[in-house]
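Since the structure comes first, as structure tokens, the remarks are kept for the end.
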Amino acid sequence: MTKTKRMNILMYVVLTIVSLISVFPLYWMLISATNKSVDVSRGTLLPGTALISNWKSLLSQSPIGLAMVNSFKYAIILTFFALIICSLAGYGFEIYHDKGKDAVMSVLLLGMMVPFVATMIPLFRMFSAAKLLNTTIAVIMPTISTPFLIMMFRQSARSFPHDIIEAARIDGLNEIQIFFRMFIPTMRSTYAAAMTITFMNAWNNYLWPKVILQKEDTFTMPMVVANLTEGYVTDYGVLMLAVLLCSLPTVIIFFLLQKSFAEGITGAVK
Amino acid sequence: MKRKILSALLCVAMTATMLAGCGGGSGDNADDKKAETTDDAAGDEAAGDDAAGDEAADDAAGDEAAGDDAAGGNKLTVWCWDPAFNIFSMEEAGKVYQADHSDLSVEVTETPWDDIQTKLTTAATSGDLSTLPDIILVQDNAFQKNVISYPEAFLDLTDSGIDLKQFSEAKTAYSVVEGKNYGVPFDNGAAIAAYRTDILEQAGMTIDDFTDITWDEYLEKGKTVLEKTGKPLLSCQAGESDVIMMMMQSCGASLFDDEGKPALVGNDALKKVMETYAGLKEAGVLVEVNDWDQYISTMTTETVAGTINGCWIMASIKTAEDQSGKWAITNLPKLVGVDNASNYSNNGGSSWAITSNCQNVELAKDFLKSTFAGSVELYENIISCGALATYLPAGDSDVYAKGDDFFGGDAVSAKIVEFAGKTPSNNTGVYYYEARDAVATAMQNIVSGSSVDDELQLAQETIESQMQ
Amino acid sequence: MSQVKEPKKRKMSLEKRHNLTGWAFLTPATLMIAVMSFWPMIQAFILSLQTGKANNLSFGDPLANYVRMFRDKVFMTSLSNTFLYLIIQVPIMLVLALILASMLNNKDLRCKGLFRTAIFLPCATSLVSYAIIFRSLFGVDGFVNTVLINLGIINTGYNFLGHATSAKIIIIIALVWRWTGYNMVFYLSGLQNIEYSVYEAAKIDGASPMQTFFKITVPLLKPTILLTAIMSTNGTLQLFDESVNLTKGGPANSTITMSHYIYNMSFRYVPTFGYAAAMSFLIFILVAILAFVQMKVGDKRD
């Protein structure tokens, strides 16, 4: 017993240390957002009183509300389509796997291996020829279907019990019904994880939106934050407030979803 | 479980809606501001555009708006950065022009320089320049590179009627490519040396001891200051060659020869500069920090007794309000034993350019001609944000002769315009950034013990290889 | 997706029908990748055969760019830097993520949600703030130096980011810090597909936590481990953010990565897109080889 106890204490100590190290920058961001710029650059670690003035100054100099709305819009639409399309493909690759499909999967993986800088200009040409600059479609299209997400679903479909499929077929469900009624509910931990990751990547995407979006009313949060660092004088208090607002949505979504992807299989399977 | 995911999604949607509310609010504010600049332009389609934009959901609006731009006769679209500075100045220029041309509207999109560069390169490379606005602000150091790379994207302003003789020659030189003018100078980058007079006093010196001096004297005096106060005179970002480039320009020297070939090897001025910098570093009179934020904090936390940079650094110095009255500015030290050495130089700055996509060239030209290249009033209006003119007539204005209490009541603005007029011009070169980075690399190796000649040889090879 | 059509022919064998259904399922995603990735890649490849600056490109010697990169000292430095990051950072990060995930999968653990969120935080934290913090932590007067001086390990502040070796180590620390929680997410979700009863049975059989980890967790997570290994390899070989934001590639190019150099060649310097595309294809080849090896080793169905 004492050995287990010691193991447990060790575990808590390790997790607490790792957590503190992980949280520190967020704490610093929070503190900095309440301080005046000059105090931030002097390295204060105590809360200040400038939060309200930083907030007012942020609102007056950047379209932060609109950028929030835009970022949410792009990220939610993208996440929705990405999850459906990629999980369908991942399921198809694994459940009906054969040599041909495995080969296609390997080829698809190649699609993510060229740095985006190299493919950006051909992509831009494509979207500008189609007169799609400044549109949601242009922002989300290139990253809806990603080899990464397809592979993630393919790998987790490997643990999806084949007896469920057989049983469902006997019950008269067609293949698409099996996918929607059996696979999606069973694999919710994978979906929750994929949702978090996709949302985060969509939210933080920077290089492509900045090329494809030219109008201020289409700008995203990371673009607005970049604007704040560009002047001759950077107001660190205001910057950190913006950065904090830019980080929070992903954190909140993670916090809400983490239970879903870390709880054991229940109900649906058996 | 599905319900949980759903409810999470719902939360997100709700947050989004809430933010949409506050987004609408700030959108309105932006409109108010625009309304000021567009003042009499009531009924202009700009208002329609903005309203459509506020809906934010309607993506097609983007396209329609682009169509309007083409048709809209009296609207100028501009890309530039820094709301407190460039954008403010552009909007003020709009107001000045509106006094005589009430139908003008200026639409500024806040775009950082890096983004302007990326967008410009992407548009020009993909052969679709129609995405560019009418006017862009271009970093002076990148001007040559962009005009040479994409001549089709810029409008030649040589015979446009804009009087570019009213600017200092060193400044216009940045935007002259093969004898043609492509830019209207704006932001002043004249170099200043700023010192903490209270710290100098502790070492028994005044600002006069640092005026019209040489780098050798600077080193000796710096040692004294360091000894008596423990504070170095100067801090720099490691890996950035700002100070090196300022030293180079102060004697009109360049990293390239007249044919545009890299000339690092056998460049006496450069060798002297590298030795001077290494000497300062070795003596501890110059300390290197790792990034811009730390550079700023060496000043706000009083760990250095001064700095040397473009005059725009004053805005950052002034954020430490408690240091008011403790700073003074003067000219730079000059190099010893180098031809044409002077106490004046330049760092940074930017100029306006008209793009070839401009739908109303005459308007754009006339606008720049009557504002940034012709209105002392404009420069008087924008001095409040610290934007200093390179437009020489503005320097004679009374506003520029006013003292600044932060700098001990000194008339810093007039002083800087004077410095700008005395700055030698140099050849930035098309391959400026390649050379700048190679020199920074060389400097870092020299500081850690390599020989100057070897490193310059290596840097030259690097640039030559990148120029292929 | 409604466009997936059910095969109509009754006579078709069941197996063939399932096979076709499989193809139908993966078609939308595959088509999108073809248009959004492969088509631009082909164009980039054609570009990589052209030499010249800006828009003055020409097909001279088609392999000129590919030969050039091996003579380019800066690029070679960036290649070796990137590989160093890959070899050291990826294994450390993945092992750490695996350990943390199996700790957090413990049913009896309290405050799981908080721990999980805390450990995930770094990758959601904005790059701007984390770069500022890391640079100031490791600055000459930074927190780390203060601690080391107080512990009597060193006498004066050491400029961590100003020396080649220590700067590389800091990049690796930063990468581990930022991406461990991210990889942990995959493991956590992968672990849910393992019945908890397996662990309980092992416990009853008297297996130590170590044994459980190596005998149960690792083998069952193999598909997920393969996924994260390929993703991390890809991500590290295309590493850009840390090099740009933490060290600007310095001191003296000792931390610059391949993607950073490619970006400089495209947007900072006079645009040399042919050469930049060629260097991008070298990354492509390297990632493809490594991924192929990883697939061969790890992608077996039992």
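Note that the coordinates shown come from a computational prediction; the quantities given were computed from them, not determined experimentally. Protein chains get the first letters and strands the later ones, always in sequence-line order, with residue 1 at the start of each.
The parts of B:Gln468 that come within reach of chain C are both its backbone and its side chain, each placing non-hydrogen atoms under 4.5 angstrom from that chain. In this structure, chain B has no heavy atom under 4.5 Å from any part of C:Tyr275. If you measure heavy-atom distances from C:Asn56 to chain B, you find no contacts under 4.5 Å at all. In this structure, chain C has no heavy atom under 4.5 Å from any part of B:Gln139. For C:Arg68, the part lying near chain B is the side chain, with the backbone staying farther off; criterion is any non-hydrogen pair under 4.5 Å. For a residue to count as touching a neighbouring chain, one of its non-hydrogen atoms must lie under 4.5 Å from one of that chain's; by this rule C:Val270 touches chain B with backbone and side chain alike. Both the backbone and the side chain of B:Glu434 come within less than 4.5 Å of a heavy atom of chain C. Looking at C:Ser266, the atoms closer than 4.5 Å to chain B (heavy atoms on both sides) all sit in the backbone: N, CA, C or O.
A donor-acceptor pair shorter than 3.5 Å can be found between the side chains of B:Gln466 and C:Tyr261.
Most heavy-atom pairs under 4.5 Å with chain B: of the set C:Leu161, C:Thr51, C:Asn55, C:Val140, this distinction falls to C:Asn55. Comparing B:Thr121, B:Leu120, B:Thr122, B:Asn290 by how many heavy-atom pairs each has under 4.5 Å with chain C, the most go to B:Asn290. The most heavy-atom pairs under 4.5 Å with chain C, out of B:Asp293, B:Leu458, B:Asp114, B:Asp291, come from B:Asp291. Note on B:Ser448, B:Gly239, B:Ser465: by heavy-atom pairs under 4.5 Å with chain C, the leading option is B:Ser465. Of the residues considered (B:Asp437, B:Thr462, B:Val447), B:Asp437 shows the highest number of contacts with chain C, using heavy-atom pairs under 4.5 Å. Highest contact tally toward chain C, considering only B:Asn445, B:Thr125, B:Val287, is held by B:Thr125 [criterion: heavy-atom pairs under 4.5 Å].
Between the CD atom of B:Gln117 and the CZ atom of C:Phe267 there is a distance of 8.5 Å, given to the nearest 0.5 Å. Taking CZ of C:Arg135 as the start and CH2 of B:Trp292 as the end, the distance is 12.5 Å to the nearest 0.5 Å.
Residues C:Phe273 and B:Tyr150 approach most closely at CE1-OH, 3.9 Å, considering heavy atoms. In plain terms, the two heavy atoms of B:Met467 and C:Lys53 that are nearest each other are O-CE, 3.2 Å. Looking at every heavy atom in both residues, C:Ala54 comes nearest to B:Ser149 through CB-O, 3.3 Å.
Annotation: C:Asn155, atom CG; neighbour count of heavy atoms from other residues, nucleotides and ligands within 6.0 Å does not exceed 12. For C:Phe38, the CZ atom sits in a packed shell: over 12 heavy atoms of surrounding residues, nucleotides or ligands are nearer than 6.0 Å. Dense packing is recorded around CD of B:Glu275, with more than 12 heavy atoms of other residues, nucleotides or ligands lying under 6.0 Å away.
Looking at B:Lys145, its side chain does come within 3.5 Å of a backbone N or O of C:Arg268 through a donor-acceptor pair.
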